[in-house]
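Here's the structure, in structure tokens; my notes come after.
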Amino acid sequence: MPDAVILTALPVEYLAVRKHLIELEEKEHPQGTIYEQGKFVAQGQTWEVGIAEVGAGNSGAAVEAERAIAYFQPNILFFVGIAGGIKDVAIGDVVVATEVYNYESGKVGQQFFTRPKAGKSAYRVLQRAKFEAKQEEWLQRLETASARQPSVFVAPIVAGEKVIASRQSDLFESLRKSYNDAIALEMEGFGFLDAAFAYPKIQAVVIRGISDLIEGKNDDSVEPEDIRQAKAAQHASAFAFEMLTKLEKTSSLQSTVSKVTQRFYSQKMRRLALVGLFIVAFLMVLSGEGWYHQHKLLENPVVVLVANFEDPKDDKWGVTTNIISQLEDALTEYEDVEVKALNEEITAQEGIKVARAKGEKHHADIVLWGWYHKTDSDVQVTVKFEILENLRLLSELKTKPLIQEIAKLDNFEIQTQLSEETSYLTLFTIGLVRYEAKDYENAILRFTRALEFVTDAEQAIVQDVTLDTLYFYRGAAYYTKGELDLAITNYNQAIKINPEYALAYYNRGYTYSKLGNKQKVIQDFKKAAKLYAKQGNTAK
């Protein structure tokens, strides 16, 4: 999943952004939008960046911003391109928009009365822009030095569907009277920010390079238009990537929860819910690109590395041997997963850092490790299930210690239970991998196989949250395949296990809308909205 998405309107803008990325690959939205996704490496961070050319105009920018948010679920969202200068700026300067006015918002009578509306860029990125505007580091990202060093302004701009070419025009006079603090003019920023407003956890901003001035807009006597546009686009993209360098990556999982929550607080979207039109919000659940190396998942197996359990002096218990044997038996039919023995211990004192380091050394995706301690009467077993590359759908898998009578270790009951539970966890995780890779058929197969290893023991190492999550995503996979009755069945099971599962009510309601059951649609959406209001950002 990209950490950042950058939208552009024109080919010259898209190419200027694209030059900053490496390892590009094509992505296609189910509705047909073509993206590219690449890496931007700087300051010890590797950003996954999705880019798209979405065309001119506020309405189109709003649609494509909403679509990109639903598809990628980014932390950072930029619109980068060119603009015309109104005042104070020169060709080649960069403007970071504090707000973008929609100058076409108003009432038409015998004359036009403006009713100003503005989309606002995010506070955090604006503060970063103000700081970087005082520095010169971003200039090092320019391909060629300009005769005049460009300046950076952090100020309001305006957006509309019309091209203004003269200061003598009635429209320019209206802009001067109603939006006299705006210093640049463009065509997409308001729609872009208006769409992003519904997602407060996404840091959205508009960055523009000045390619022409209103007076003399078509004057090519100094530089041809195509040269000016290319220069402006390069300057805007250079400043955008310098900002990205200085911004810290944040948790996309938390922002996803907040985005869904925000939609339930919207009165307009709540009304739309009653007729089953939550299409874009539902796509936030069904779309996505998976692990950091997701594009390799369909070609390379997921490697599970199993460490020796502590207490080597008492290896007669065969805990490690049993776990590896059971995993191999459970996974033998799947070519996309491989079990490896580490043949050494990872102690509690060494902890997660050592586990991750050993996993990376052996090119593993999952590290299974732990230890056990005995007393005269009891044994306590601790199992750690470390996912090296966080799944977007599951940031971590928490386990809890298993405390049993020592006799259950002697008769191998504990070893059997641990083997079953680790098989369940592995298949559950591989199912999520397949789901994120949009391989829904194989996701369902692995989820279903995982259920065969659910233990009925009174104590279990797996936190209760995983089973309802499995049914939820199996339901979502069935929905995507068009098997709506099976989707409903799985959502029912998720809700039975966790009656407070807001997103399960929401998705079930949406599925009922496809089946034409309006009464159940309303019931589920009301229940989901009530739970979101109650749970806030902790809503599941």
Side-chain angles (χ1 to χ4, degrees), residues 8-10 12-13 16 56-58 61 78-106 111-121 125-126 129-130 133 146 148-194 204-240:
T8 64
L10 304 175
V12 66
E13 301 165 346
N58 277 314
F78 287 173
F79 202 105
V80 175
I82 62 176
I86 296 177
K87 66 176 185 177
D88 301 334
V89 294
I91 292 174
D93 286 346
V94 173
V95 180
V96 180
T98 55
E99 52 250 317
V100 181
Y101 299 117
N102 177 12
Y103 67 72
E104 294 187 294
S105 174
Q111 64 183 88
F112 180 73
F113 297 95
T114 60
R115 290 181 175 177
K117 291 184 178 180
K120 293 183 178 293
S121 292
V125 287
L126 286 179
K130 290 177 181 179
S146 301
R148 170 188 166 275
Q149 180 171 310
S151 299
V152 179
F153 297 83
V154 182
I157 64 176
V158 292
E161 304 296 322
K162 300 177 178 62
V163 177
I164 302 175
S166 172
R167 289 177 177 271
Q168 276 67 54
S169 66
D170 292 339
L171 185 52
F172 178 80
E173 183 62 23
S174 175
L175 294 183
R176 190 184 66 81
K177 290 180 178 179
S178 301
Y179 310 102
N180 59 12
D181 56 344
I183 66 173
L185 171 72
E186 44 98 300
M187 301 178 70
E188 299 83 28
F190 174 78
F192 167 80
L193 289 177
D194 192 45
V205 71
V206 175
I207 303 172
R208 297 287 184 175
I210 302 300
S211 62
D212 52 66
L213 306 176
I214 287 183
E215 201 64 52
K217 179 174 179 63
N218 299 314
D219 183 2
D220 291 346
S221 60
V222 178
E223 284 183 311
E225 182 181 31
D226 58 342
I227 299 297
R228 287 185 277 116
Q229 288 187 347
K231 178 193 295 184
Q234 289 169 13
H235 290 188
S237 62
F239 191 77

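For the numbers below, each heavy atom of this structure counts, side chains included, while hydrogens, waters and symmetry mates do not.
- The backbone N or O of V154 lies less than 3.5 Å from no partner atom in the side chain of T98, so there is not a single donor-acceptor pair.
- Rounded to the nearest 0.5 Å, atoms CG (D212) and CD (E225) are 7.0 Å apart.
- Scanning for side-chain contact (heavy atoms from CB on, under 4.5 Å) contacts around A230 gives V12, Q234, with sequence neighbours left out.
- Side chain of E188 to backbone of G57: a donor-acceptor contact under 3.5 angstrom is found.
- A204 and V125 make their closest contact through O-CG2, 3.9 Å (heavy atoms, listed as atom of the first residue, atom of the second, distance).
- Across A155 and I183, no two heavy atoms sit closer than the pair CB-CD1, 3.7 Å.
- Scanning both residues, V80 and T8, for their nearest heavy atoms gives O-CG2, 3.4 Å.
- In terms of modelled atom types and a separation under 3.5 Å, the side chain of D93 and the main chain of S151 share a donor-acceptor contact.
- Side chain of N58 to main chain of F190: a donor-acceptor pair is present (N/O by atom type, distance under 3.5 Å, no hydrogens or angles).
- Partners of D181 under the side chain to side chain donor-acceptor pair (under 3.5 Å) rule, at least two apart in sequence or in another chain, are Y101.
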task = Assess whether side chain to side chain contact (heavy atoms under 4.5 Å, CB included) is satisfied between I82 and E13, documenting all intermediate values.
result = CA-CA 7 Å; I82 62 176; E13 301 165 346; 3.3 Å; yes
Side chain to side chain contact (heavy atoms under 4.5 Å, CB included) evaluation trace for D194 with N102 = CA-CA 10 Å; D194 192 45; N102 177 12; over 6 Å; no
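- Under the 3.5 Å distance criterion, the side-chain polar atoms of H235 are matched with a main-chain donor or acceptor of G92.
- Across R228 and S211, no two heavy atoms sit closer than the pair NH1-O, 3.0 Å.
- Heavy atoms only, all atoms of each residue included: A16 and S237 are closest at O-OG, 3.4 Å.
- Listed here is the closest heavy atom pair of A184 and V95: CB-CG2, 4.4 Å.
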